[in-house]
Amino acid sequence: MALPEAAIFQGLSWNLLSDLQQLFSYGFMVNALEAGTIVAVMAGVTGWFMVLRRQAFAGHTLSVIAFPGAAAASLAGLPLAVGYFSFCGLGALTLAGIAGSRRSHSSESAAIGSLQALALALGFLFVSLYHGVLNSVDSLLFGTFLGITGDQVMTLLAVAAATVAVLAGCARPLLFASVDADVARAAGVPTQLLEFGFLLVLGLSVAATSQITGALLVFALLVTPAATAHQLTSRPLLGVMLSIAIALAVTWLGRARAAFSIYPVGFYVTSLAFALYVVVRLGRALSSRTQTLAPPAEAA
Amino acid sequence: MSHAPAGSAAHEPSEEDQATPVRAATAVTFERAATRLGGRTIWRDVSFSVARGEFVAVLGPNGAGKSTLIKAVLGLLPVAPGSALVLGEPPGAANARIGYLPQRRNFDAGTRIRGIDLVRLGLDGMRWGIPLPGLPRRRREAKQVAEVLELVGAAAYARQPIGELSGGEQQRLLIAQALVRRPELLLLDEPLDSLDLPNQASIASLVRRICQQEQVAVLLVAHDINPILSYLDRVIYLAGGNAIEGRPHEVISSETLSRLYGAPIEVLHASDGRLVVVGQPEAPFVHGDRHGPA
Ligand SMILES: Nc1ncnc2c1ncn2[C@@H]1O[C@H](COP(=O)(O)OP(=O)(O)O)[C@@H](O)[C@H]1O
Ligand SMILES: [Mg+2]
């Protein structure tokens, strides 16, 4: 499963068309691209709301919880997806419980942090118990696009369609509750229910994304594209669209580039996303500097 | 225990009010109402009423229960014992006809949402389903948002991220958000807090204008009465678990406040017309005296 891909593809030929033909001539590669596309759309939408709600820490914890989930599934001889979805779902319920019972932010993040440590320890335990092919730890943590079956693609598609449909249907109340909870509550928006529901959606998205990027690189798709989109625009609909577009672009480019390289796909996807984020931040910093410098002799 | 229902009898429904039966003549009526929070009675025996088009201030020291009163009007906290009627219904039932601005809400620079979107959420933020652009209803709503932005004078900066605006600009947008559904009752919890004096004056006169133009009942919580004194119809003064309601100069007098606090209080009349209350544990009426969040 974790074959070096250079063994399959003989390097870039500088002929884009033949490169693409080469890519698509393998069924598993088509599956991988389909799965990547589905996950990128879902992560782009969910991530935009997660960044808006400042729940990146909760998102990161869920992705760490994905690791023992996958390890436990391999240990029990179950499909990895079962482990990812059940652990992330349970993790989301736990986080919702923590958020519901704690009133202060500091004790909430401390509790979430402890959960994260526990998840990593469990993952390590399951991996040590599993004396089989240990190099699969790599793909649990850092992902592999290969070895994705048509059935898995269908599962991902169903989860992604449900997630995106729920988020679209709840878009306005969720946006309201995220930026202005007190007023939303007074206007009759069920803010508590939305908070709970969003954590579940986040858990599903993390579980699905982990299957592609591995538990540790979930953020390449879930946070970085969304954070870049928030930097680029403060318009909600445009922001979600940009977030999806960036997640798709880095997935495709990273995937395609990795196919002709000995370096893993997670490295390319993550670096591309990060590079784009840095460029956008720098661009914004520069433009706001020129703006503040523009009126030259303004009285303080 | 000791409350003076001065003024409440003056707001019996007139014939004019009864000609439009949809809108209740009195926006808010509390009768001998009490509220408990965490096992403690915050205030009791509170009676007052607010009529349409009336501008009423809620005053009192920190922790007196002013925000609690606003939340009780919204039905977010129960009123018991006693009775409360809001826009002709029990508290909470008519919230769609209420505009609400909670206490101390400012958005830091990281809040990447435009003012206009926030105002829009006041109109359709409680609606489920996918907002399809181009529908007649969406266009009508966009027009409504544009009108309210014009009304509060926030049109010029409504398309900037709200986190990048000044406190006064944010406050205008938040008032626009509270107004956008054309509410019959406006609940403003310390809208003048953290604003400089010129901004306090302009927000106060804006509220007065809206109150008259749109015949909205306004309940405004304030720390300092002076910026709003000339615009007010009546005040509700909360202290020591009780409340006194009446015209501003009746309530803010040495005699009435001494009775409310059960301690000697002196109200000084400054030469510029400002009122300064002396002798209470805290002195919320003195300019520049700001307290932490309640
Ligand atoms: N959730 C709560 N549980 C218990 N006590 C509370 C709660 N919220 C506020 N209080 C208390 O109720 C009192 C009134 O609070 P509040 O209405 O916010 O005062 P104000 O707005 O007049 O400053 C305060 O003493 C405060 O400590
Ligand atoms: Mg308060």
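So that the names make sense, note that chain A is the first sequence line, chain B the second, and so on, each numbered from 1.
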Part of [X] within contact of chain B (heavy atom distance under 4.5 Å):
| X | answer |
| --- | --- |
| A/L194 | side chain |
| A/A168 | both |
| A/R235 | both |

Counting N and O atoms only, with roles assigned by atom type, does the side chain of A/Q231 sit under 3.5 Å from a partner on the main chain of A/V280, one being a donor and the other an acceptor?
no
Shortest non-hydrogen contact from A/A40 to A/A247?
O-CB, 3.4 Å
Might you point out which heavy atoms bring A/S243 and A/G44 nearest each other, and give the distance in Å?
OG-O, 2.7 Å
Hey, which of A/L175, A/L237, A/L174 has the most heavy atom pairs under 4.5 Å with chain B?
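When all of A/L175, A/L237, A/L174 are compared, A/L175 has the most.
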Proximity breakdown for B/I130 and chain A, heavy-atom pairs closer than 4.5 Å:
both
Side chain, backbone, both or neither of B/R120 within contact of chain A (heavy atoms, under 4.5 Å)
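Interface part for B/R120: neither.
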Is any NZ, NE, NH1 or NH2 atom of the basic residue among B/D124 and B/R138 found under 4.0 Å from an Asp or Glu carboxylate oxygen of the other?
yes
Less than 4.0 Å between a side-chain N and a carboxylate O, is that true for B/R97 and B/E89?
yes
Parallel, tilted or perpendicular: which describes the rings of A/H60 and A/F219, with under 30° parallel and over 60° perpendicular?
perpendicular
Please identify, among B/R127, B/M126, B/Q160, the residue contributing the most non-hydrogen atom pairs under 4.5 Å to chain A.
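Going by pairs under 4.5 Å, I would pick B/R127.
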